[in-house]
Amino acid sequence: MTDISAASISLAVLDMAGTTIADDGLVEEAFGLAYDAEPALAGYGSREAVKQFARATMGQSKIAVFRELTDADDAAERANLAFERGYESLVAGGGASAIPGAEEAIRALRDEGIAVVLTTGFSPSTQRALIEALGWHDLVDLALAPVDAGGRGRPFPDLNLTALIRTRTESVQRMLVAGDTVSDVRSAVRAGAGRAVGVLSGAHGEAQLREAGATDVLGSVAELPALLGL
Ligand SMILES: [Mg+2]
């Protein structure tokens, strides 16, 4: 692999839940709440089976995951709405917190002139609720949800490429993408990102992340500045 020096990375695209924001099972719990609210989800299997599917598909667009679970657009919309309400109330109840060192790492990157974009598989309203709960409005350059990138979430490369275009980054080689899931890493590889970084603070383990194509695996995003030699 070509060595990508620290100076050459000028955009960092960071996932939210499990990467910059501690998840602590909130997303899975909200899938459970959606199961309680939407009878069509029982067609897939038990509450536990739905939560397991949620874990396996973590990082992907949530509405796309509900379409897979229900096989019906209207039921998927209802389930997604119940998920969003459930997740937002868990967040409003104080369930969301920053990954230790994440804010400091983001500031360190930006101090070096590296643009930072947060991405998610949530809807924009849920993404806003998270950013509000953490007081992160001014922390990053941009926050993107799948609808901001034409509707396709991860593992498609669209969110990363939209971040690149919106920040006017020169090339995909200068883009670093970091996330806690196989879908995050695949989206980085598909976008041709100079660095596809897996982090172990969320859903998936090192072997899975490496198999997906991670160029680096870190304990958490707190180690990003050191990875880039900052
Ligand atoms: Mg994540």
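Here, residue 1 is the first one in the sequence, and each next residue gets the next number. Just so we're clear, the structure is a prediction, and the values are computed from it rather than from any experiment.
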Inset, instruction - Please check if the side chain of E112 supplies one atom and the backbone of I114 the other of a donor-acceptor pair under 3.5 Å. - result: no
Inset, instruction - Please report the shortest heavy-atom distance between D148 and Q127, naming the atom on each side. - result: OD2-OE1, 4.5 Å
Legend entry - Under 3.5 Å side-chain donor-acceptor pair for Q173 and S171: yes
Legend entry - Salt-bridge criterion met for D141 and R166 (N-O under 4.0 Å): no
Legend entry - V116 side chain near L139 side chain, heavy-atom distance below 4.5 Å: no
Legend entry - Nearest heavy atoms of P146 and L159, plus distance in Å: N-CD2, 4.0 Å
Inset, instruction - Identify whether I131 and F122 are in the same connected component of the hydrophobic contact network (ILVMFWY, side-chain heavy atoms under 4.5 Å). - result: yes
Inset, instruction - Any ring-ring contact (aromatic ring centres under 6.0 Å, His included) involving residues 16-43? Give me the pairs, sequence neighbours left out, ordered by first then second residue. - result: F31-F66, F31-F83
Legend entry - Joint cluster assignment, L118 & L26, ILVMFWY side-chain distance < 4.5 Å: yes
Inset, instruction - With the side chain counted from C-beta on, respond yes when R47 and D36 share a heavy-atom pair under 4.5 Å apart, and no when they do not. - result: yes
Inset, instruction - Could you walk me through whether T57 and F53 pass side-chain contact (heavy atoms from CB on, under 4.5 Å), step by step? - result: CA-CA 6 Å; T57 57; F53 188 77; 3.7 Å; yes
Inset, instruction - Ignoring hydrogens and angles, state whether a donor on the side chain of T169 or T167 is under 3.5 Å from an acceptor on the partner side chain. - result: yes
Inset, instruction - Indicate yes or no: at least one non-hydrogen side-chain atom of L209 is less than 4.5 angstrom from one of L200. - result: yes
Inset, instruction - Heavy atoms only: give me the nearest T162-A149 pair and the separation to one decimal. - result: OG1-CB, 3.4 Å
Legend entry - Closest approach of L164 to M175 (non-hydrogen atoms, all atoms of both residues): CB-SD, 4.3 Å
Inset, instruction - Of all the heavy-atom pairs spanning D180 and G202, show the shortest one and how long it is. - result: OD2-CA, 3.5 Å
Legend entry - K51 side chain reached by E48 side chain, heavy atoms, under 4.5 Å: yes
Inset, instruction - State, with a plain yes or no, whether a side-chain heavy atom of E28 is found less than 4.5 Å away from one of Q52. - result: no
Legend entry - CG on L176 to CG on L14, rounded to 0.5 Å: 7.5 Å
Legend entry - S125 and E88, any side-chain heavy atoms less than 4.5 Å apart: yes
Legend entry - Heavy-atom donor-acceptor pair, R67 side chain to D73 backbone, under 3.5 Å: no
Legend entry - Backbone of S187 reached by a side-chain donor or acceptor of N160 within 3.5 Å: yes
Inset, instruction - State the CZ-OG distance between R168 and S10, to the nearest 0.5 angstrom. - result: 13.0 Å
Legend entry - For A37 against P39, the heavy-atom pair lying closest together: O-CD, 3.5 Å
Inset, instruction - Could you tell me whether the side chain of V27 reaches within less than 4.5 Å of the side chain of K62, counting heavy atoms only? - result: yes
Inset, instruction - Using a cut-off of 6.0 Å, state whether more than 12 heavy atoms not belonging to E206 lie near its atom CD. - result: yes
Inset, instruction - Report yes or no: do L134 and V221 belong to one cluster of Ile/Leu/Val/Met/Phe/Trp/Tyr joined by side chain heavy-atom distances under 4.5 Å? - result: yes
Inset, instruction - Apply side-chain contact (heavy atoms from CB on, under 4.5 Å) to E77 and L81, showing your working. - result: CA-CA 6 Å; E77 297 279 351; L81 203 59; over 6 Å; no
Legend entry - Rounded distance (nearest 0.5 Å) linking atom CG of L90 with atom CD of E29: 6.5 Å
Inset, instruction - Go through the steps for T70 and R78 under the test side-chain contact (heavy atoms from CB on, under 4.5 Å), then give the verdict. - result: CA-CA 10 Å; T70 60; R78 289 194 304 268; over 6 Å; no
Inset, instruction - State, without any angle test, whether T181 and R154 hold a side-chain donor-acceptor pair at a distance under 3.5 Å. - result: no
Inset, instruction - Verify the cluster assignment for L109 and L142: are they in a single hydrophobic cluster under the rule of side-chain heavy atoms below 4.5 Å apart? - result: no
Inset, instruction - Look up atom OG in S201 and atom CD1 in I99, then write down how far apart they are to the nearest 0.5 Å. - result: 4.0 Å
Legend entry - Pairwise side-chain contact, V147 with P124, heavy-atom cut-off 4.5 Å (strictly under): yes
Legend entry - Gap separating the OG1 atom of T126 from the CG atom of N80, nearest 0.5 angstrom: 7.5 Å
Inset, instruction - Kindly work out whether a path of hydrophobic side-chain contacts (I/L/V/M/F/W/Y, heavy atoms less than 4.5 Å apart) joins L33 to I63. - result: no
Inset, instruction - Nearest 0.5 Å please: distance from the CD atom of E104 over to the CG atom of D111. - result: 11.5 Å
Legend entry - Whether over 12 other heavy atoms sit under 6.0 Å from R85 CZ: no
